[in-house]
Amino acid sequence: MKKLIFTIFVASGLLNASTITKEECEKKGESYIFAGGECINFKKYNGETKGKLNIVVHGKWDEKTNTLGRYAPFAENLSFETDINTVAIALPGYSNSSTNSIKSLSSGENLAFTKEYVELLSSLVSQLKTKYNANIVTYIGHSAGCTMGINLVGEKPFLINNLLCAGGSYKLDEKNKSEDKISAMDVIDNIDRRTKIVLVYGSEDKISTPKQTKDFYEFAKKEGLDVKLVEATGSQHLDLDMTEASVNAIVELVE
């Protein structure tokens, strides 16, 4: 396994654009796409394999964090490791992505469980598939990005083919449930049983504990999902998706 090399992560609000129209977004160039009513900033790295696309989705950071400063090098490494076009996206409120109507993940609790975010990701993935002529999509999500990914395959079961879910949350406490929120436990019956799912947990993760992932894995397996459990030994929550265990699982997932 080749060693991952990352650039310095810049946590700065200088790049963030709060609101922007579709027309303004389209003029910003190839690193922007208007989806779900938001202008999404992304970085794309080329691979030689035709018809496939990897999409990397980050989790919750402080609003205006330059998430692409961290995830673009990871996406570049994945494009090299898998030889597949790989895109890292910045969710609303991060890097240069807008917040026209959707708040950043840091604006409240459990926003990753909202149907609004599922609809945003559905629109974004659909447009990226068209833009890059992809028939097979692998979604790589960390933390809240993982939570949104597993909810997405339940709400839109034929949109993506493979899911690498690292350090996510899979159910809502009763006190947090509402009509505008969903969890993996709510939509598991809708997930296409042909979707390949890998659940990654860090043995030292105190935010998304190993038990959370192991419990969901056992439940998903009993429900007939094509699911695999991977341990990142010694790893904590931060950068769990970038560990050697996760990268190896991604390479295996896309083969």
Side-chain angles (χ1 to χ4, degrees), residues 20-47 49-59 67-68 71 75 78-79 82 84-105 111-142 144-165 168 180-182 184 186-187 190-197 250 253-254:
I20 189 170
T21 67
K22 180 179 180 181
E23 291 73 22
E24 289 170 337
C25 184
E26 290 173 346
K27 292 177 181 178
K28 289 177 73 67
E30 283 297 308
S31 291
Y32 296 85
I33 189 167
F34 199 82
E38 301 293 345
C39 184
I40 300 298
N41 190 193
F42 69 93
K43 295 291 185 182
K44 182 248 186 180
Y45 297 93
N46 295 329
T49 305
K50 303 298 183 184
K52 293 185 178 182
L53 180 67
N54 301 325
I55 301 175
V56 179
V57 183
H58 64 82
T67 54
L68 289 181
Y71 282 89
L78 286 182
S79 71
T82 65
I84 292 172
N85 287 343
T86 303
V87 172
I89 68 166
L91 292 167
Y94 299 99
S95 292
N96 233 354
S97 293
S98 65
T99 51
N100 288 339
S101 60
I102 298 179
K103 297 179 180 179
S104 75
L105 290 171
L111 292 183
F113 290 96
T114 59
K115 294 179 181 179
E116 183 178 46
Y117 261 100
V118 170
E119 289 300 323
L120 168 67
L121 283 171
S122 174
S123 174
L124 179 57
V125 172
S126 295
Q127 291 196 47
L128 288 171
K129 285 179 71 172
T130 299
K131 183 178 180 69
Y132 296 115
N133 298 312
N135 299 313
I136 299 176
V137 170
T138 299
Y139 178 112
I140 299 141
H142 174 246
C146 163
T147 299
M148 291 182 286
I150 196 74
N151 293 344
L152 180 62
V153 296
E155 284 286 280
K156 309 289 181 179
F158 304 104
L159 185 60
I160 67 177
N161 309 88
N162 308 313
L163 171 66
L164 188 288
C165 206
D180 68 328
K181 292 185 176 71
I182 57 172
D186 300 322
V187 297
N190 299 333
I191 296 175
D192 181 6
R193 270 42 185 174
R194 293 167 294 183
T195 303
K196 295 181 180 180
I197 300 172
I250 293 166
L253 191 59
V254 302

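All of these numbers come straight from a predicted model, not from anything done at the bench. Heavy atoms only: backbone and side chains are in, while hydrogens, waters and symmetry mates are out.
- Side chain of T195 to main chain of N162: no donor-acceptor pair is present (N/O by atom type, distance under 3.5 Å, no hydrogens or angles).
- E119 is listed as a side-chain neighbour of K156, based on a closest heavy-atom distance under 4.5 Å.
- When each of T138, N54, T49 is tested with T82 by the rule side-chain hydrogen bond (donor to acceptor under 3.5 Å, both in side chains), just one qualifies, namely N54.
- No side-chain heavy atom of L159 sits less than 4.5 Å from a side-chain heavy atom of V153.
- Checked by atom type and distance alone, the side chain of T21 pairs as donor or acceptor with a backbone atom of E24 at under 3.5 Å.
- Counting non-hydrogen atoms of other residues, nucleotides and ligands closer than 6.0 Å to CZ of R194 gives a total of 12 or fewer.
- Annotation: side chain of L91 is in contact with side chain of M148 (closest heavy-atom distance under 4.5 Å).
- By the 6.0 Å contact criterion, NZ on K22 is open, its count of non-hydrogen atoms from other residues, nucleotides or ligands being 12 or less.
- At a threshold of 4.5 Å between non-hydrogen side-chain atoms, the residues P92 and I40 count as touching.
- Here the closest heavy-atom approach between residue G36 and residue S123 is recorded as N-OG, 3.1 Å.
- Although no hydrogens or angles enter the test, the distance criterion places no donor-acceptor pair under 3.5 Å between the side chain of N41 and the main chain of I89.
- Exactly one residue among L121, I150, L53 makes a side chain to side chain contact (heavy atoms under 4.5 Å, CB included) with Y139. That residue is L121.
- Considering only heavy atoms from C-beta on, I197 comes within 4.5 Å of I191 through its side chain.
- In summary, E30 and K43 do not engage in a salt bridge, as defined by a charged side-chain N under 4.0 Å from a carboxylate O.
- The closest donor-acceptor contact from the side chain of Y94 to the backbone of L68 lies at 3.5 Å or more, if one exists at all.
- Counting only distance, with no hydrogens or angles, the side chain of N100 and the backbone of G37 share a donor-acceptor pair below 3.5 Å.
- The nearest pair of heavy atoms linking A90 to T67 is CB-OG1, 3.7 Å.
- With E38 contributing its side chain and S101 its backbone, the two residues share a donor-acceptor pair below 3.5 Å.
- For the residue pair V254 and K52, the shortest heavy atom distance occurs at O-NZ, 3.0 Å.
- Scanning both residues, A75 and A88, for their nearest heavy atoms gives CB-CB, 3.8 Å.
- Taking all atoms of both residues into account, the shortest heavy-atom contact from L105 to Y117 is N-OH, 3.5 Å.
- Residues H142 and Y71 have side chains in contact (heavy-atom distance under 4.5 Å, counting atoms from C-beta outward).
- Residue K196 qualifies as open at atom NZ: its count of foreign heavy atoms under 6.0 Å is 12 or below.
- With S126 contributing its side chain and S122 its backbone, the two residues share a donor-acceptor pair below 3.5 Å.
- No donor-acceptor pair under 3.5 Å is formed between the side chain of T147 and the backbone N or O of A112.
- Smallest separation of non-hydrogen atoms from G154 and V187: CA-CG2, 3.6 Å.
- Looking at K129 and I160, their side chains never come closer than 4.5 Å, going by heavy atoms from C-beta outward.
- Put simply, the side chain of E26 does not reach to within 4.5 Å of the side chain of Y32, judged on heavy atoms.
- Take N135 and apply the side chain to side chain contact (heavy atoms under 4.5 Å, CB included) test, not counting sequence neighbours, and it matches no residue.
- With K115 as reference, I182 is the one residue of I182, N151, L120, D180 to meet the side chain to side chain contact (heavy atoms under 4.5 Å, CB included) rule.
- A distance-only check finds no donor-acceptor pair linking the side chain of Q127 to the backbone of L124 [under 3.5 Å].
- Checking side-chain atoms of T86 against main-chain N and O of I84 turns up a donor-acceptor pair under 3.5 Å.
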